[in-house]
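Scroll down for the structure; my scribbles are underneath it.
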Amino acid sequence: MSRDMFPKPVWVFLIILDFCLLLLGFMTVNLMTSALALVLAFLINRYGLETLLGPDQGKGIRLHKKIQITNEQKREIIAALKAERMKKRSGSKEVSG
């Protein structure tokens with residue numbers, strides 16, 4: 001199937017419809033309505049995400065990346081932070097004293 005099946009407003013309408021169906025299915029405890037909403041959510045995720053988010057499809061949306069550092073780098077960072085803290089403390093003692 002083509003990635004550009006519908007324009008963006010149609011996908012937004014389908015998302016709103018999906019939310020309403022899912023809410024209705026849970027409130028009425030109707031399994032068929034909830035299943036239909038989940039199938040629609042799968043189709044939106046599969047075919048509409050590129051149209052909604054653009055061609056990169058959220059590839060740059062990482063909140064954090066796990067970075068490996070060596071023990072030596074950890075020691076250097078801790079030493080630099082300690083030196084900075086000592087410098088701030090000595091500066092504040094001179095101002096107050």
Side-chain angles (χ1 to χ4, degrees):
M1 292 179 93
S2 173
R3 290 283 187 201
D4 296 328
M5 283 193 338
F6 302 119
K8 195 171 189 172
V10 173
W11 286 114
V12 172
F13 172 74
L14 287 174
I15 290 172
I16 293 169
L17 178 69
D18 181 47
F19 175 73
C20 292
L21 280 174
L22 190 62
L23 188 63
L24 179 70
F26 284 140
M27 290 181 73
T28 61
V29 192
N30 188 346
L31 186 61
M32 290 302 293
T33 307
S34 297
L36 177 66
L38 291 174
V39 168
L40 184 58
F42 172 74
L43 291 175
I44 291 169
N45 183 35
R46 176 93 172 146
Y47 298 109
L49 215 55
E50 187 174 325
T51 304
L52 290 168
L53 297 179
D56 58 343
Q57 195 173 352
K59 290 179 184 169
I61 305 179
R62 285 195 94 170
L63 296 178
H64 60 83
K65 187 173 18 173
K66 191 172 186 177
I67 299 173
Q68 297 289 346
I69 60 174
T70 64
N71 287 334
E72 183 178 322
Q73 289 172 328
K74 287 179 188 178
R75 287 186 200 109
E76 290 174 5
I77 292 169
I78 290 172
L81 290 174
K82 282 182 181 179
E84 190 176 311
R85 188 179 323 134
M86 293 299 285
K87 185 178 177 182
K88 284 184 181 178
R89 283 186 183 173
S90 66
S92 65
K93 285 182 183 178
E94 290 176 5
V95 172
S96 65

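For the numbers below, each heavy atom of this structure counts, side chains included, while hydrogens, waters and symmetry mates do not. If you read the sequence from its start, that first residue is 1, and numbering goes on from there.
Not counting sequence neighbours, the partners of Val12 by the side chain to side chain contact (heavy atoms under 4.5 Å, CB included) test are Ile16, Leu52. The side chain to side chain contact (heavy atoms under 4.5 Å, CB included) search around Glu72 returns Thr70, Glu76, not counting sequence neighbours. By the side chain to side chain contact (heavy atoms under 4.5 Å, CB included) test, Ile77 is found to be paired with Ile69, Leu81, residues two or more places apart in sequence or in another chain being considered.
Under a hydrophobic-cluster definition in which Ile, Leu, Val, Met, Phe, Trp and Tyr are linked whenever side-chain heavy atoms come within less than 4.5 Å, directly or via other members, Val39 and Leu22 are assigned to different clusters. Both Phe42 and Leu36 are members of a single hydrophobic cluster when ILVMFWY side chains are connected at heavy-atom separations under 4.5 Å. In the hydrophobic cluster analysis, where Ile, Leu, Val, Met, Phe, Trp and Tyr join through side-chain heavy atoms closer than 4.5 angstrom, Val10 is grouped together with Ile15.
Atom CD of residue Gln68 and atom CD of residue Gln73 lie 10.5 Å apart, to the nearest 0.5 angstrom. Expressed to the nearest 0.5 Å, how far CG of Asp18 lies from CG of Asn45 amounts to 10.5 Å. If you take CG on Leu40 and CZ on Phe19, they are separated by 13.5 Å, rounding to the nearest 0.5 Å.
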Identify every side-chain donor-acceptor pair in residues 26-34 under 3.5 Å, counting partners at least two apart or on other chains, and give the distances.
residue, atom, partner, partner atom, Å
Thr28, OG1, Leu24, O, 2.8
Asn30, OD1, Met32, N, 3.2
Asn30, ND2, Thr33, OG1, 3.1
Ser34, OG, Asn30, O, 3.3

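Here the side chain of Trp11 pairs a donor or acceptor atom with the backbone of Phe6 at under 3.5 angstrom.
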